[in-house]
Asks: 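Here's a structure for you.
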Amino acid sequence: MAKMRVHELAKELDIKSADIVKALGEKGIDVKAMSSVDDSEVKYIKDKFSKSKTSEDKTAEKVTPTEKTEVKEEKKHKRIITSRGMVRLKGDGEERPRRPRPDGEKKRRPRPEGENQNAATQKTEKTETVKKENEQIAKPVEQEKNESANKPVENNVQPKEEKVESVVTPVAKNEPKRPAPTAESAARKAAEIAAKAAAIAESRGQSRNNDRRNNRNGQNRNNRDGQNRNGNGNGQNRNNRDGQNRNNRDGQNRNFGNRDGQNRNNDGKSFNRDNRNGNNRNFNNRNNDGYNKDKDFDRNDNNRRNDRRRDDQKQSAPADIIQSKDRNKRENKLRQDKQERGRKNYEDGNGGRKGKNGRRVDLSKPVLQKPQKKEEKKEEIKVISIPEALTIGELAEKMKMQPSTIIKKLFLEGKMVTVNTEIDFAGAEEIALEYEIMCEKEVKVDMIEELLKEEEENEADMTSRPPVVCVMGHVDHGKTSLLDAIRETNVISGEAGGITQHIGASVVKINDRKITFLDTPGHEAFTAMRMRGAQSTDIAILVVAADDGVMPQTVEAINHAKAAGIEIIVAINKIDKPGANIERVKQELAEYELLAADWGGNTEMVPVSAHTREGIEELLEMVLLQADVLELKANPDRMARGIVIEAKLDKGKGPVSTVLVQKGTLHIGDHIAAGANYGKVRAMTDDRGNRITEAGPSTPVEILGLSGVPNAGEVFVAKETANEAKAFAETFIADSKEKLLEGTKYRISLDDINSQIKAGNLKELNIIIKADVQGSVEAVKQSMLKLSNEEVEVKVIHGGVGAINESDVILASASNAIIIGFNVKPDAQAEEIATREKVDLRLYSVIYNAIEDIERAMKGMLEPIYEEKVIGHAEIRQIFKASGVGNIAGSYVLDGSFKRGCSARITRDGEQIFDGPLASLKRFKDDVKEVKAGYECGLVFEKFNDIAEGDAVEAYMMVEVPR
Ligand SMILES: Nc1nc2c(ncn2[C@@H]2O[C@H](COP(=O)(O)OP(=O)(O)OP(=O)(O)O)[C@@H](O)[C@H]2O)c(=O)[nH]1
């Protein structure tokens, strides 16, 4: 090419000459407008300025609408080149050879159309489109998160998911329509990849590629300009990348984006419930990559921190981001609130089941486990302790139930009871078992026994004491006379009617040894003296008149002595009398298991005479001998303790008590308590009326000072202080009341023998037999003894001839025995006591019936007793004949009443002509239930028509009588 001048070249290139001069000057070639330049310089200039112009053209295209396909496609190609040119231009301005880019390279960098324009100009429509596209493409990511989070967010996102499809799909569809010029390959490829990425994101529910593309689309550039970053991060996508992109302005966004996506997945695995909001996920991802998986409540901290971070960014964030953040913040707040509620539920053990999100069930897992932690209820068998008898109310209280519950239950079983109905242990146990409650017998602590309980005394402190002897025997056999003879005093003359009225006590000296005698006025006192288990006597002298022999009271005395377990020495009295027969007495006594020693037995029998005093000394020697055998000892050096023998209220002295000191020594001034009474010993008198200051063991004394009159048989104790004595008495009163109530409740009766046996309460059945003849007593006695079985032993504790008397009843009461009488009746006093003491007293005229009753009672098969009861009398005054019925006796009821279903006896001239049931009872023509005295009625007798006017009719019924 020929040399051209600079101005010509400028003209050709449509540029200023100065520009060429400057350009060549920069290259070190000094030229002017009129200077000539060679071909190489022309080429350089042309290359240089033609590119500049192309760049300018491209700049002009910026405002060109992209909708025009042809222009767009042409310019697309240029854009790619220009872009690179621009890079070079921004460099050092060095001329570099143009490098035509192969398609493959272009493919490696696919870009959606219009992105370069976005990079160049931010506020064009294209930018908005891309922004929208980014936003929409990012939505699925958020949606994915939200799907695994809570529903409210998911709902918010739902509409946007549709938009994503609408954006992505046209890209894929438009592709084949477009021409495929080489220059457009990069753009097409970019569109393809974008479409594929969107499809993958949609199909997998992941948006990693989208994120990456988004990052590529704008974030690399955005990183450079700092603002576009926010534009990319529209909506919830922004939440994910917000912090990361900002933090990674150096172009590592993509990498973090990937990590972000992974973390989301991690979150999605097990953290959905914890990370219901995207922010939370973001934060977790950023910090922990799912580390918080196991730390439920850290998520809240994360949320908070996340929020704070976003708050910090508000100043630089565009309005839409701020709005979006605000929304997210609100969402976060809501979610946090929910989490708080969930946690509360969790802590309260309510679980989170009520939440809409099914994942909340996870929160409830520990709650579900809670019942497992609960201790299994151990089946405890409730055991209550109940007394021998109690009321329904008391039982209900023990069972901790309402009495009405038990009453209702029993009512349904056909038992009518009230709250005050008394039931025995067996009955109560039966009821309690229905409610799976076991019963055990209340072990009642006998407070008095406890009070009286004493420790074993030291043998070394014990010294020999005088024996205490009582004299027993049949009436007029000479008890008092004998005692008088022994005491060498005559007390008989001082007694009213010559009969001993009260217990007296005296001490006699024989060979410098003392013997204390008690005179027993009757069995009542004797029994009473045994009631505390305190044996008042050591030896009993049984007086049997040699001329009279063994008499009923002799037998009673024997039985009492045996029951008390005291030794018996027999004094066969009145041997001075002509009819005395010592051997016969011995023989009779042998029948009662008292065999004389000289007959080879163990019982000493001494023939005496109160009148002649013959044998008295031998008797006393025998008493002392027996005392030696018994080794009677006591400790005199201790607080006194003994038994009340007799007590009375003296008008002048106040309460006067005769007490027998059994242990220790009683002094004047001692504080004592006897039963319900207490006081201080003010005065003491011995058996001879002498004032004494102290009384040792086995000494009977009369004392003054007790607050009241104690019962005979009560134990008295000396106490250190007045308060102790008072406390003893008060305890006694409280205990006695209970015992009094209980004592009246229970007495063995034929009806409850079986239940008592079953309950294990009855091991021995004590029976007292009274009959008109001794033969009957013995016959029944032997039959009764044969009824003994493995469970219970029948014991006849007393049998005698004669009416049932007071002594029998008292013995029965003391021994919990049943009295059986054969052809005998109780006397008035015995009946009264039996009623009071609730002693079961049975009367029979046939011995067999008695045996049968006892047998049945023991087997629990006692049948009810029916007794005939006459209810009225009538007189037949007229006979009516009725067909089909027979004769009707028109009668007039004289007394009582006639009742339907009763029986009748017809007597004519004193002779009974009929005894049978009444078939019909009528008043005029009507059947009636009852016709009372003074009224007329019609009587029809069962299968009996032989009636006549003037016949007498007696109506009767069989009624059950209590046993
Ligand atoms: N011949 C004779 N008569 C005696 C003897 N002992 C008592 N008697 C008489 O028998 C009668 C009754 O004597 P008591 O001593 O009263 O008999 P008891 O057993 O005390 O009588 P009660 O106090 O009623 O139980 C009196 O008339 C006595 O005189 C005796 O050894 N020989």
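Whatever order the structure lists them in is the order used to number ligands and atoms, beginning at 1.
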Asks: Within a distance under 4.0 Å of any heavy atom of K479, pick out the atoms of ligand 1 and give their elements.
Replies: 15 (O), 17 (O), 18 (P), 19 (O), 20 (O), 22 (P), 25 (O)
Asks: Taking only non-hydrogen atoms of S609, do any sit less than 4.0 angstrom from ligand 1?
Replies: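 In this structure, S609 qualifies as a contact of ligand 1 - some heavy atom is under 4.0 Å.
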Asks: May I ask you to check whether V475 has an N/O atom sitting below 3.5 Å from an N/O atom of ligand 1?
Replies: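 Checking ligand 1 against V475, no N or O pair falls under 3.5 Å apart.
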Asks: Kindly indicate, with the supporting measurements, whether the criterion salt bridge (Lys or Arg N to Asp or Glu O under 4.0 Å) is fulfilled by D547 and K577.
Replies: CA-CA 7 Å; D547 63 335; K577 286 184 87 171; 3.0 Å; yes
Asks: Within the structure provided, determine whether L843 and P826 are in side-chain contact (heavy-atom separation under 4.5 Å).
Replies: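 Side-chain contact under 4.5 Å: yes.
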Asks: Enumerate the atoms of ligand 1 whose separation from the nearest heavy atom of D576 is less than 4.0 angstrom.
Replies: 1 (N), 2 (C), 30 (C), 31 (O), 32 (N)
Asks: Under a 3.5 Å cutoff, is there a donor and acceptor pairing between the side chains of H477 and D548?
Replies: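 The answer is yes; a qualifying pair exists.
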Asks: Do we see a donor-acceptor contact under 3.5 Å between the side chains of D853 and Y844?
Replies: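 Y844 and D853 do have a side-chain donor-acceptor pair below 3.5 Å.
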Asks: For ligand 1, which atoms have a heavy atom of S481 less than 4.0 angstrom away?
Replies: 6 (N), 7 (C), 13 (O), 14 (P), 15 (O), 28 (C)
Asks: Which one holds for N573 and ligand 1: side chain close, backbone close, both close, or neither close, with close meaning a heavy atom under 4.0 Å?
Replies: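 Side chain only.
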Asks: Once you restrict to heavy atoms under 4.0 Å, what part of T480 touches ligand 1? Side chain, backbone, both or neither.
Replies: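 Answer for T480: both.
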Asks: Among side-chain atoms of S788 and E793, is any donor-acceptor pair under 3.5 angstrom?
Replies: no
Asks: What I want to check is whether the side chains of E614 and S609 have a donor and an acceptor closer together than 3.5 Å.
Replies: no
Asks: Can you tell me which portion of H477 lies within the under-4.0 Å heavy-atom range of ligand 1? Options are side chain, backbone, both, or neither.
Replies: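 It is the backbone that gets close, since no side chain atom is under 4.0 Å.
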Asks: Would G478 count as a polar contact of ligand 1, with the cut-off being nitrogen or oxygen pairs under 3.5 Å?
Replies: yes
Asks: Assess the side chains of R691 and T685: does a donor N or O sit below 3.5 Å from an acceptor N or O?
Replies: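 No, no side-chain donor-acceptor pair sits under 3.5 Å.
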